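One structure is given here, and the rest of the page talks about it.
Reminder, nothing fancy here: chain letters follow the sequence lines and each chain counts from 1. Note that this is a predicted model, so its numbers are computed, not measured.
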Amino acid sequence: MKMTPEEYGRLAQKASPPSPMGKNLLMAFLCGGGICALGEGFRLLYQWLGADEELAAAGVSVTLIFLAVLLTGLNVYDNLAKHAGAGTLVPITGFANSVASPALEFKSEGFILGLGAKMFIIAGPVIVYGTAASILYGLVLWLFRLY
Amino acid sequence: MDVLLSLLKAFLVGGALCAVGQILIDRTKLTPARILTSYVVIGVLLGALGIYPKLVEFAGAGASVPLLGFGNLLAKGVREAVKADGALGILTGGFTAAAAGIAAALFFSLVAALVFKPKEKG
Amino acid sequence: MASRKGKYTILFDDPPGIRASAAVGCAKEADGPLGDMFDIINRDSYFGQKTWEKAESEMQKQAVAKALEKAGLTASEVEAVFAGDLLNQCVGSTYGLRALGIPFVGLFGACSTMAESLCVAATFLDAGAIKRGIACTSSHFCTAERQFRYPLEYGGQRPPTAQWTATASGAAVLEKGDLPPFIRGITIGTIEDLGICDANNMGAAMAPAAAATLKHFFEDTGTKPADFDLVITGDLGQVGSELLRELLRRDGYDLEHRQSDCGMLLFDREKQDVHAGGSGCGCAASVFCGHLVPLLRQKKLRDILFIATGALMSPTVVQQGESIASIAHLVYLSSEKSGGKI
């Protein structure tokens, strides 16, 4: 008896346990919220130290990126992410991890085509499409004199 | 008290934005790279529509730290650059605003790769 | 001589035997339920090498050296080695075995490679083309991750259906003679694809291939699962095993208490965070070489069917939207040279 892909797809879905949604959601919320609260703490600290709004915001990004890259190097970030899921993916720390992890991984293929080139395998599209979206927005602003 | 309230708002808003990402991971077949890319593009859109700046005002780092905030930053950069430099700002605005974050990620990662070695998980 | 039985199966009248076999593993494998079966355990996943790829080659080299040592042979006494692995161009095997000077037949069958290499080696032996051959393969968690998935330090989350690539290798020395266990027959698999696209659910993708090959074997030989002490699949894991039993049940074959899976045996799914079970060429290879061969030799098992399954896709075609094509090769082993149901 030959089974159709549709039939088998249904069978396979039934046999495949779903992700533990409730636990994953809670962990993502707690860890993601925690990272953001940490960022807010730094923001308030930098402002208290006299930084203006823009400088403080940039400082927060750079600080969190530094910490995420450090934790990636120390082999900690991936173990956090296993539990935190989107909680460590969505904050800017996830972006930093996506740059640092291939840099470490592909150093074995050399500094140019390994480390240097592969750094962008995950972060590349984020930069490409983010920039493209911003250019489209700029074009609209300029064409329609919205500034 | 103000400090605690700020931290709480950042925690709740940031946590909620991450929880939405988790639903996307678990319920759709979107890979993490696609989710990151979507977040940034949506962030640009929400920034352009003037919605996201209000959220940043309310939640501070709770809104600026998730990658939506990165998109919002790109939008803000373009808006200011077009105002100041006209057409050239269309191209320079986004990158200029994002420069600190991207440069930091690239440079720190380069240094980390020189110092550390990947290990097996667990 | 080999004789064809039915459409797909080849039976050997003078079946080749396995003179010796060896298994090499890493820390997680050593800590698993079958930890004691390994001849060599190296807790450093770099195996003293600079890169993961070199580590995998080193592991395969150690497995072959150990199997030769247990067989009391030197490399020059072996006429061909049949090997492959998961890496592009099978570099785990080629660089691991390049110093041996043994004629090399490179095979690609993804995680089915242990069964595939046994099939090819047994056929060469039966044809009289060689008098002694080695079948071996390996997989390494880290080389597989960086080639097929993400960098090791990338913070991703694995769904419950994902499987864990074993860092392990197995090698078996085959020759004609009276040393059990014997390879009595083989069924070469057909490429099967029931449209599963999720690379995090390999068990579901590969179960149809295992079902097809088993069905071919049972039909060709007129046997049923109950005629064998054990029907052991390569690495279907929890999800794939369940689907295999369901698929065969619909075809009228009851596997319920006969079937086991190397991926489910190698790791403790509850304690070792491997989700649906182990996978990778080295999973089936090490369980076969370290666990099943000794059980057959000690006659604790008599007749078994070893079916290693493999997913034949590459990241490129999956990104292009292709579904995951799979294969399963079957090896019928017995502690006796003749007799039994076939």
Review point. Any side-chain heavy atom of B:K76 within less than 4.5 Å of one from A:E54?
Key: yes
Exercise for review: Using a 4.5 Å cut-off on heavy atoms from C-beta on, say whether the side chain of A:L70 contacts that of B:F108.
Suggested key: no
Check your understanding: What part of B:L114 lies closer than 4.5 angstrom to a heavy atom of chain A: side chain, backbone, both or neither?
Key -> both
Practice item. With the side chain counted from C-beta on, respond yes when B:V13 and A:C36 share a heavy-atom pair under 4.5 Å apart, and no when they do not. Key: no
Practice item. Check whether B:L67 gets within reach of chain A through its side chain, its backbone, both or neither, counting any heavy atom under 4.5 Å. Key: both
Review point. Given that the side chain runs from C-beta out, which part of B:Y39 has a heavy atom under 4.5 Å from chain A: side chain, backbone, both or neither?
Key: side chain
Practice item. Pick one of side chain, backbone, both or neither for B:I25, based on which atoms fall under 4.5 Å of a heavy atom in chain A. Key: side chain
Check your understanding: Measuring heavy-atom distances to chain A, does B:R27 have an atom under 4.5 Å in its side chain, in its backbone, in both, or in neither?
Key -> side chain
Check your understanding: Are any of the side-chain heavy atoms of B:L110 and A:M119 separated by less than 4.5 Å?
Key -> yes
Practice item. Pick one of side chain, backbone, both or neither for B:A63, based on which atoms fall under 4.5 Å of a heavy atom in chain A. Key: neither
Review point. Would a distance-only check, ignoring hydrogens and angles, find a side-chain to backbone donor-acceptor pair under 3.5 Å from B:K119 to A:N75?
Key: no
Review point. In terms of heavy-atom proximity below 4.5 Å to chain A, should B:L73 be classed as side chain, backbone, both, or neither?
Key: neither
Review point. Checking A:E40 side chain against B:A10 main chain: does a donor-acceptor pair fall under 3.5 Å?
Key: no
Check your understanding: How about B:F11 and A:L38: do any of their side-chain heavy atoms sit closer than 4.5 Å?
Key -> no
Exercise for review: With the side chain counted from C-beta on, respond yes when A:W142 and B:V78 share a heavy-atom pair under 4.5 Å apart, and no when they do not.
Suggested key: no
